[in-house]
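Note: hydrogens, waters and symmetry copies are ignored here, and every other heavy atom, side chains too, is used. Keep in mind that what you see is a predicted model, and the values were worked out from it rather than measured. A note on names: the letters A, B, ... follow the listed sequences, proteins ahead of strands, and every chain is numbered from 1.
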There are 2 protein chains.
Amino acid sequence: MINTKLSVAIHILTLIATNPHDPVTSESIAKSVNTNPVVIRRLSGQLKQAGLISSQAGKPGFTLLKAPGQITILTVYQALQTKGDLFLIHPDPNPNCWVGKNIQSVLETTYKRAQDALEQELAQQTLANIIKQLTSH
Amino acid sequence: MINTKLSVAIHILTLIATNPHDPVTSESIAKSVNTNPVVIRRLSGQLKQAGLISSQAGKPGFTLLKAPGQITILTVYQALQTKGDLFLIHPDPNPNCWVGKNIQSVLETTYKRAQDALEQELAQQTLANIIKQLTSH
DNA sequence: CGATATGTAACTAAAATAGTTACATATGAA
DNA sequence: TTCATATGTAACTATTTTAGTTACATATCG
């Protein structure tokens, strides 16, 4: 299961993108997300490292570094990803068993296809897309 | 992240499918998976409830109820699923904020597409497929 | 210089994950 | 009919993940 970090990250980027003038601080974002400002700053740190936003200690607010149409949800997803695998495989099946010995590598292939399909779809959707849907609400 | 249950369930079904004659017990499966028999029995219970296998208390072994070619990985995945959502959305964004108020429903749509893409791919792959790949190793 | 914000480390609480012990119940061979 | 053996489950524990919080160092700018 994919945790709420992606949702919060998209929430953060949306607020920054739709408020290019007044500074959107971790404090104000936290109020909108309804969480602690540190949670926001931890995520903004990852988004910053991925080159999606910029910020400076002491200076309030964040700046979007790419156009919303250029930021795909896959990019955001990958910015938060530590280990790339969506599916977990049981770690030590019995190597003396015919199935146990080979199941892991077969599952890897199976899972890779599924994950590719997921990521391909996430690559189709952009921040601009999200914002557009939000405005039509 | 999707936990190891799906991997273990596929492992279970593979062992049952490839040993139609001698009884494959939770004990022997556990040895191949390298885990506790109770872990296997818990999963077999869910596979049983999904109509994929049958068993009787006291009688050793499990029986596959469908041809391996008719069992898709999606079916197995869904047999183990308690709540259907792959992505989690942060639960209570601020309803007084324009973004906070609508972000959840927009993310739902976004995530649904991604999950659909994943599931469509999982539906393409069957137990027969897995077994075939295993034998060619 | 001081109010305010970002950047992080460290800690806590809650939930998910996986494994284990214990035991009730059904089967089938001796 | 009895007993070894297997499935079916409940209950408990340990580990890891997830999310939130406190505390504080550091940078900005009026």
Chemist: Rounded to whole angstroms, how far apart are CG on B/Leu6 and C1' on C/dT17?
Modeler: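 So the two atoms are 15 Å apart, to the nearest Å.
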
Chemist: Of all the choices, C/dA18, D/dA6, C/dA5, which nucleotide is nearest to the side chain of B/Pro60 once you look at every atom?
Modeler: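 Within the option list, the nearest is D/dA6.
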
Chemist: Figure out the CG/P separation between A/Leu43 and D/dA19, and round it to whole Å.
Modeler: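 Distance check: A/Leu43 CG to D/dA19 P gives 9 Å.
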
Chemist: Where the side chain of B/Ser26 is concerned, which of C/dA22, D/dA19, D/dT7 is the nearest nucleotide?
Modeler: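 It is D/dT7.
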
Chemist: OP1 or OP2 of D/dT17 sitting under 4.0 Å from any side-chain N/O of A/Lys5?
Modeler: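 No, because none of the side-chain N or O atoms of A/Lys5 sits under 4.0 Å from OP1 or OP2 of D/dT17.
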
Chemist: Could you check B/Val106, B/Ile103, B/Leu107 and say which one makes a side-chain contact (heavy atoms from CB on, under 4.5 Å) with B/Ile89?
Modeler: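 Result: among B/Val106, B/Ile103, B/Leu107, B/Leu107 is the only option passing the side-chain contact (heavy atoms from CB on, under 4.5 Å) with B/Ile89.
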
Chemist: I want to check one thing: is the phosphate of C/dA18, taken as OP1 and OP2, less than 4.0 Å away from some side-chain N or O of B/Thr4?
Modeler: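 Yes, such a contact exists.
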
Chemist: Can you check whether A/Lys59 has a side-chain N or O nearer than 4.0 Å to OP1 or OP2 of C/dT4?
Modeler: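 Checking A/Lys59 against C/dT4: no side-chain N or O falls below 4.0 Å of OP1 or OP2.
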
Chemist: If only side-chain N and O atoms count, and only distance matters, is there a donor-acceptor pair under 3.5 Å linking B/Asn129 with B/Gln133?
Modeler: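 A donor-acceptor contact under 3.5 Å links the two side chains.
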
Chemist: Checking A/Thr4 against A/Ser7: is there a side-chain donor and acceptor pair closer than 3.5 Å?
Modeler: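 On atom types as modelled, these side chains do not qualify, holding no pair under 3.5 Å.
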
Chemist: Is the phosphate of D/dT28 approached by A/Gln56 (side-chain N or O, under 4.0 Å from OP1 or OP2)?
Modeler: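 True: A/Gln56 side-chain N/O within range (under 4.0 Å) of D/dT28 OP1/OP2.
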
Chemist: Considering just the side-chain nitrogens and oxygens of B/Ser55, establish if one lies under 4.0 Å of OP1 or OP2 belonging to D/dA6.
Modeler: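 Looking at the OP1 and OP2 atoms of D/dA6, neither is under 4.0 Å from any side-chain N or O of B/Ser55.
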
Chemist: Rounded to whole angstrom units, what separation is found between the CD atom of A/Glu27 and the P atom of D/dT22?
Modeler: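 Value for this atom pair: 13 Å.
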
Chemist: Let me spell it out: for each of B/Pro91 and B/Lys48, pick the nucleotide of DNA chain D with the closest heavy atom. Which residue's pick is nearer the 5' end?
Modeler: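 Taking each residue's closest nucleotide, the earlier one in sequence belongs to B/Lys48.
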
Chemist: How many whole angstroms separate atom CD1 of A/Ile40 from atom P of D/dT18?
Modeler: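 To the nearest whole Å, that distance equals 17 Å.
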
Chemist: Taking the side chain of A/Phe62 as its heavy atoms from C-beta onward, which of C/dG7, C/dT20, D/dG8 lies nearest to it?
Modeler: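 Nucleotide nearest to A/Phe62's side chain: C/dG7.
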
Chemist: What is the distance from CZ of B/Arg42 to C1' of C/dT21, rounded to the nearest Å?
Modeler: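 Nearest whole value for this atom pair: 12 Å.
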
Chemist: Counting heavy atoms from C-beta on, name the nucleotide in D/dA23, C/dG7, D/dT7 closest to the side chain of B/Thr25.
Modeler: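 The nucleotide sitting nearest to the side chain is D/dT7.
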
Chemist: If the plane angle is over 60° it's perpendicular, under 30° parallel, otherwise tilted; pick one for B/His11 and A/His90.
Modeler: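 Because their plane-to-plane angle lies in the 30° to 60° range, the rings of B/His11 and A/His90 count as tilted.
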
Chemist: In terms of side-chain heavy atoms of B/Asn36, which of C/dT20, C/dA26, C/dT6 is nearest?
Modeler: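 Selected nucleotide (nearest to the side chain): C/dT20.
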
Chemist: Once you round it to whole Å, what is the distance between C1' of D/dT15 and CG of B/Asn3?
Modeler: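 Result: 15 Å.
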
Chemist: Side chain of B/Val38 only, heavy atoms from C-beta on: which candidate in D/dG8, C/dT21, C/dG28 is closest?
Modeler: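 The nucleotide sitting nearest to the side chain is C/dT21.
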
Chemist: Report the distance from atom CD1 of B/Ile2 to atom P of D/dT17, rounded to the nearest whole Å.
Modeler: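 Value for this atom pair: 16 Å.
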
Chemist: Please walk me through it: do A/Tyr111 and A/Gln115 pass side-chain hydrogen bond (donor to acceptor under 3.5 Å, both in side chains)?
Modeler: CA-CA 6 Å; A/Tyr111 290 162; A/Gln115 186 168 343; over 6 Å; no

Chemist: May I have the distance from B/Arg41 (atom CZ) to C/dA26 (atom C1'), rounded to whole angstrom?
Modeler: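 Checked: the CZ to C1' distance equals 13 Å.
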
